[in-house]
Amino acid sequence: MTFKTLIGATALTLLIGSAARAETATLDLVEPIAEYKIYVTEKLDKLVEDTTAFTAAVKAGDVEKAKSLFAPTRLSYEAIEPIAELFSDLDVSIDSRADDYEKAEADPEFPGFHRIEYGLWDKKSTEGLTPVADKLLADVTELRKRINELTFPPEKVVGGAAVLMEEVAATKISGEEDRYSHTDLWDFRGNFDGAYKIVELVRPLIAEKEAEFLKTVDANFAKVDATLSKYKEGEGYVTYDKLTEEDRKVLATAVNTLAEDLSTLRGKLGLD
Amino acid sequence: MSAIKPNMLDGNRRNVLKGLGLAAFGCPFAAAASAHAETPPAHHMTDAPVANVASVNDKVPFHGRHQAGITTPRPANGMVASFDVLAETPEELEALFKTLTDRIAFLTQGGAPPELDPRLPPADSGIVGPVVRPDALTVTVSLGSSLFENRDWLKPLKPLRLSRMKKFKNDALDASLCHGDLTLQICANTQDTTIHALRDIIKNTARQLVLKWKQEGNVPVIATPPGAMAESARNFLGFRDGTANPDAGNDEMMEKVVWVGPERGEPEWALGGSYQLVRIIRNFVERWDRTPLKEQELIFGRTKTQGAPLDQRNGGEFAAPHYDDDPEGKLTPLDSHIRLAMPRTAKDQLTENLILRRPFNYSNGVTKSGQLDQGLLFICYQGDLEKGFITVQRRLDGEPLEEYIKPIGGGYFYTLPGVRDASDYLGSTLIAAVRKKTL
């Protein structure tokens with residue numbers, strides 16, 4: 001089934017009685033969203049734990065140890081990135097990149113994971129990183145606290161999966177996120193897991209009507225999995241520069257297709 | 001010795017106007033448009049400025065023996081987008097070709113995209129409004145050598161003269177602007193229409209195509225004084241470009257110059273196609289503007305204001321130079337651009353090494369050094385790449401113009417034969433040949 005006919009067929013089902021579905025959609029989503037919140041909470045517990053160890057290594061001046069903890073620590077953060085929009089202030093201070101600052105790496109405002117990454121890989125030193133590490137730990141701890149009180153609007157959660165794929169397509173597939181450490185494949189793992197989690201949660205709601213759609217989406221996630229697994233090393237992944245041009249293309253296409261497909265997920269669930 | 005008669009050359013230009021006129025009248029929107037007096041009547045076409053002739057209702061037929069966008073009169077805007085193709089099987093490639101056919105047929109002929117539930121992303125970007133008008137759009141699909149070479153089942157079917165573009169002497173090729181498995185040449189009256197078409201195709205082929213590079217360009221619309229002959233557009237060096245182009249309206253000439261026929265020994269599936277060459281050629285315009293006029297003219301071999309050959313300064317753009325009378329290059333230097341490109345020393349050059357040029361000017365932004373990033377998106381078509389562009393470029397290697405230009409990207413591609421009718425699709429002969437081979 002082509003994308004066009006897929007959309008056509010979906011549009012038809014949605015146009016028939018879409019108003020009635022809209023009301024039930026939100027109700028149907030109560031359980032999946034609650035479950036998603038548990039997932040996020042678990043990821044955040046792990047993030048706080050890992051960040052504590054990571055920042056301790058940074059503050060102790062142990063460059064090698066800090067380097068080895070960098071990518072694994074980020075994994076749980078990248079997995080909850082679909083909903084980063086819900087805590088955008090903290091996302092900026094935890095995960096923004098040098099490009100977001102006027103003086104790039106030299107900008108005193110440049111914070112978070114990537115500021116530390118720059119120090120560890122580029123400067124090969126933890127010099128001046130103590131306040132950055134303290135702030136990072138404070139931020140993730142604050143995030144963990146905040147999540148309990150945070151409302152998860154269903155359309156943001158469901159839409160977040162697509163938004164994250166858009167972000168990967170626009171600014172991650174180029175390898176620019178972890179440009180000093182080249183640990184991008186770890187991030188991808190987290191991103192794809194996090195997006196797939198959302199598909200999994202809503203799957204029962206659309207399994208019957210959207211079997212073909214889910215098949216395509218699953219196939220693309222599987223393609224990503226297969227590609228990533230070629231680059232596994234130990235607990236994680238080799239550096240991004242080892243990715244062949246062929247595989248980069250495969251990933252890029254899978255990501256673009258997932259972005260196209262998942263952009264319809266909200267609509268398919270009858271969410272505005 | 002002037003084998004190319006002036007009227008042979010300007011035929012192309014007349015044909016541009018004629019072509020646009022015919023296009024406007026061949027389409028269902030035309031009647032409605034002229035009823036609202038938006039389109040000037042046909043008999044004024046030839047003496048009206050091209051700028052006023054172009055209409056959103058200009059429709060270029062999609063079906064035919066050859067793809068549109070080659071001998072089609074060049075509209076004001078053009079773009080080349082190059083993609084990597086993911087298809088690994090003949091079935092996947094066929095599906096891609098069919099999707100491209102569907103999209104191009106719709107976009108070039110116009111219509112209203114389907115309305116979807118507003119909770120879904122819309123079917124169309126909407127950037128040209130709720131109804132897509134043809135706007136003289138053509139989308140021309142060509143294939144790169146890598147598409148064939150990276151697939152065992154496609155390798156034996158590669159066109160004979162298709163290869164990966166190699167560096168010429170003056171080139172500084174940027175890997176991120178070169179080659180590709182498939183190109184789309186998208187041309188239309190307005191830039192919005194070309195961008196709309198590109199976005200539509202990207203949206204509908206996300207599974208199969210990864211965008212590699214693209215370059216947009218345009219040509220100035222010329223306000224021809226009433227009764228005067230249409231002129232060639234100027235490039236960003238201020239000179240007329242395309243003066244000695246063969247007449248795209250002359251079918252016999254196009255068979256010789258552009259289309260691949262049985263006599264060339266190409267695989268049968270490729271008949272009716274053509275070789276497409278794309279070069280992104282940066283112009284160092286600041287430096288050029290600081291070069292004396294006389295030197296500029298000697299470099300090109302033409303006068304700047306009129307475009308006349310230097311041995312006939314008042315002869316106008318379409319006068320043919322007489323190099324026989326100037327063997328030492330006193331009037332037209334032997335290493336001037338036009339003389340190197342076509343020395344006119346043997347009659348066969350006038351047919352053997354002809355190419356059909358379809359270039360656009362580009363203006364991208366500012367380089368890291370604070371200079372303008374401008375140049376020429378050079379596109380040409382020929383039935384034999386070796387005898388066509390490659391031969392001409394070899395003659396040009398080392399020309400004085402090189403100080404002011406730097407080719408940085410592009411590639412060699414094979415333009416697929418046309419789509420015969422509604423039951424046919426782009427690349428159908430190639431897919432059929434693959435199936436025949438694997439049986």
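Reminder, nothing fancy here: chain letters follow the sequence lines and each chain counts from 1.
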- request: Would you name the heavy atoms of A/Asp261 and B/Arg207 that are closest together and state the gap between them?
  value: OD1-NH2, 3.4 Å

query: Under 6.0 Å from the NZ atom of A/Lys156, do we count more than 12 heavy atoms belonging to anything else shown?
result: no

query: Counting only heavy atoms not in B/Lys167, do more than 12 sit closer than 6.0 Å to its NZ atom?
result: yes

- request: Kindly give the heavy-atom pair with the smallest separation between B/Ala206 and A/Thr257, and that separation in Å.
  value: O-OG1, 3.3 Å

message: Has A/Thr253 got a side-chain atom pairing as donor or acceptor with B/Gln208's backbone, closer than 3.5 angstrom?
response: no

- prompt: If you count the non-hydrogen atoms of other residues, nucleotides and ligands that lie under 6.0 Å from CD in A/Glu31, is the total more than 12?
  reply: no

Enclosure of A/Glu245 CD (heavy-atom neighbours >12, cutoff 6.0 Å): yes

- prompt: Take atom CD in A/Glu208; do more than 12 heavy atoms of anything else shown fall under 6.0 Å from it?
  reply: no

message: With a 4.5 Å cut-off on side-chain heavy atoms, are B/Arg119 and A/Arg266 touching?
response: no

statement: Bottom line for A/Val250: the part with an atom under 4.5 Å from chain B's heavy atoms is both

query: Could you give the distance from OG1 (B/Thr205) to CG (A/Asn256), rounded to the nearest 0.5 Å?
result: 9.5 Å

message: Can you confirm whether A/Arg203 is buried at CZ, in the sense that more than 12 heavy atoms of other residues, nucleotides or ligands lie under 6.0 Å from that atom?
response: yes

query: Which atoms form the tightest heavy-atom contact between A/Lys249 and B/Leu86, and what is the distance?
result: O-CD2, 4.1 Å

- line: In this structure, CG of B/Asp84 is separated from CD of A/Glu246 (nearest 0.5 Å) by 7.5 Å

